[in-house]
2 protein chains.
Amino acid sequence: MLTEERHQLIRNQLAADGRVLAGELASRFGVSEDTVRRDLRELAKAGQLRRVYGGAVASAPFAAATLSQRSRHAVEEKTRLATAAVGLLGAGQSLFIDGGTTNEAIARAIPRDMELTVATNSLGVASALTDLPLVELIVLGGRYVPDLGTCVGADTLAAVAQLGADLFFLGSCGLDVARGVTAFDSAEAEVKRAMAKNSAGIVIAVTNDKLATAAPYRVAGADAIRHLVVEKSAPAATLADFQSRGAQVHFA
Amino acid sequence: MLTEERHQLIRNQLAADGRVLAGELASRFGVSEDTVRRDLRELAKAGQLRRVYGGAVASAPFAAATLSQRSRHAVEEKTRLATAAVGLLGAGQSLFIDGGTTNEAIARAIPRDMELTVATNSLGVASALTDLPLVELIVLGGRYVPDLGTCVGADTLAAVAQLGADLFFLGSCGLDVARGVTAFDSAEAEVKRAMAKNSAGIVIAVTNDKLATAAPYRVAGADAIRHLVVEKSAPAATLADFQSRGAQVHFA
DNA sequence: CCGTTTCTTGCATGAACCGGCAAAACATGC
DNA sequence: GCATGTTTTGCCGGTTCATGCAAGAAACGG
């Protein structure tokens with residue numbers, strides 16, 4: 001049996017059932033489980049499936065999974081980042097928090113006994129904050145974009161313009177020393193710019209895969225970042241670049 | 001059974017029923033309750049559900065209220081009301097939906113293949129609508145009031161003023177022939193009045209306990225109600241009063 | 001207040017995973 | 001034909017992961 005044949009059969013079953021089991025494939029193909037695992041690893045590397053313990057599941061096709069998929073990606077890491085980011089908060093402060101799974105993790109990490117005023121255009125962040133009794137929550141309305149999980153548009157901009165904040169938690173973007181902070185969507189970038197303009201300091205918490213990447217729309221320069229929260233394993237050279245532009249680096 | 005499969009099934013049931021029971025899941029999956037509890041903990045950590053004693057509920061603010069404050073019977077009743085209320089909708093219509101558990105049930109009852117434009121100041125309603133691909137969702141921002149689950153205030157009023165709708169689903173209020181539609185909160189009533197003013201028709205779906213009761217703040221007269229969705233067991237005399245003022249009565 | 005149910009934590013076990021290694025199969029060059 | 005290099009495959013260790021069980025803590029319902 002050709003390697004390529006197995007790959008094709010795996011793709012087929014994945015399209016049909018949505019999942020495959022390593023052991024089952026091994027006996028069906030008459031090869032060792034190691035070989036199947038190798039196949040699965042390769043296909044996962046090519047983005048054609050998502051590897052899970054015991055087999056693999058379909059990666060993209062499942063609708064509505066795009067956002068929850070991302071949030072599952074590095075839960076552990078994002079929770080750590082969030083805890084570190086929350087350490088930057090002081091009682092009584094006012095915040096802007098925009099969208100992104102990392103920002104949602106940050107919202108969930110805010111302790112119950114902290115008094116804050118938070119304005120957000122992310123429904124996920126808003127939901128996480130509704131449980132907190134001492135948080136004054138201001139929802140920034142507008143046209144809701146499912147892919148982003150946030151509200152954008154003229155209404156959102158108008159709402160942001162009326163507010164000011166001590167800190168802005170800017171999420172889900174590309175981060176590059178030369179190009180600064182960048183976003184994937186034009187309207188999203190507009191809202192981020194407005195929030196940045198009306199806040200005294202910008203906080204960015206990112207996983208390593210966001211470092212040294214850039215998206216089409218520019219939000220702010222690298223020198224606008226006050227606090228940068230990163231994983232312990234973040235590349236030191238990149239961090240030094242940001243530090244030289246005034247960013248204070250915190251390790252999760 | 002793959003761990004990932006269980007997670008997916010839990011998410012599915014959560015989307016359908018709004019709640020899951022640990023014991024029930026364990027027997028359905030053929031694993032120990034500990035394993036299910038671990039699953040629930042992980043999903044809760046990823047923000048995909050909210051852990052409660054005995055199982056879990058959907059992470060939207062919707063769930064907390066339904067489980068802790070309302071009886072199981074009321075949930076079923078509201079679901080029936082919601083199904084009937086959704087029957088009033090036509091494709092392509094634009095709606096205002098404000099807060100209340102009944103309105104959240106209505107939002108959940110909207111079929112996936114219905115094209116609508118919906119503006120809401122309720123986070124619970126908004127959360128329920130994020131999954132629907134054909135619904136253009138407009139979030140009406142403002143100061144969030146935890147007790148109501150909705151946004152109110154000047155910002156909300158300004159956002160409503162810019163919109164118009166075919167129908168307004170008015171929720172969670174007192175209903176009395178003499179005093180009309182009434183609300184418990186001044187700011188809430190203001191928003192409801194604004195929505196009523198900018199919509200062509202008002203729909204009210206209520207359980208029996210709301211009929212013939214009144215709250216302090218007046219929203220609209222009884223003659224402003226276009227559609228009234230009630231339980232089959234609703235007192236006929238009260239309904240006749242509303243019908244004589246122009247309301248069309250629908251039984252769930 | 002107490003009994004019951006549910007939850008968390010720690011631990012043991014077996015299954016699944018990964019990296020490396022060597023044999024086999026295959027292709028290539030002389 | 002033979003040697004060489006490449007690819008594929010199976011196997012072996014050490015490691016990680018998922019699961020169930022047990023004990024103690026916490027939450028619920030009288």
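A note on names: the letters A, B, ... follow the listed sequences, proteins ahead of strands, and every chain is numbered from 1.
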Could you run down the sub-3.5 Å N/O contacts of the protein with nucleotides 19-24 of chain C?
{"unit_1": "C:dG19", "atom_1": "OP2", "unit_2": "A:R41", "atom_2": "NH1", "d": "3.3"}

Determine, for [X] against [Y], whether the closest basic-nitrogen to carboxylate-oxygen distance falls under 4.0 angstrom.
| X | Y | value |
| --- | --- | --- |
| A:E33 | A:R37 | yes |
| A:R19 | B:E5 | yes |
| A:E42 | A:R11 | no |
| B:K78 | B:E104 | no |

Worksheet item: Given D:dG20, C:dC17, C:dT6, which nucleotide is nearest the side-chain atoms of A:A22?
Response: C:dC17

Response to the item:
Closest to the side chain of B:T3, out of C:dC18, D:dT19, D:dG10, is D:dT19

Worksheet item: Is the A:F96 ring parallel, tilted or perpendicular to the A:F168 ring (thresholds 30°, 60°)?
Response: perpendicular

N/O-N/O pairs, protein side and nucleotides 25-30 of chain D side, under 3.5 Å:
{"unit_1": "D:dA27", "atom_1": "N3", "unit_2": "B:Y53", "atom_2": "OH", "d": "3.3"}

Worksheet item: By salt bridge (charged side-chain N to carboxylate O under 4.0 Å, His left out), which residues pair with A:R226, not counting sequence neighbours?
Response: none

Fill in: Spacing between A:F29 atom CZ and D:dT9 atom C1', to the nearest angstrom
15 Å

Worksheet entry | Interatomic distance, B:E33 CD vs D:dA23 P [rounded to whole Å] | 18 Å

Worksheet item: Between D:dT19 and B:R6, is there an OP1 or OP2 to side-chain N/O distance shorter than 4.0 Å?
Response: yes

Discussion item. Between A:S233 and A:N208, do the side chains contain a donor N or O and an acceptor N or O under 3.5 Å apart?
Written reply: yes

Item to complete: Indicate whether any N or O donor in one side chain lies under 3.5 Å from an N or O acceptor in the other, for A:S127 and A:T130.
Response: no

Worksheet item: Reckon A:V52 touches a base, only the sugar-phosphate, or nothing at all at heavy-atom distances under 4.0 Å?
Response: sugar-phosphate

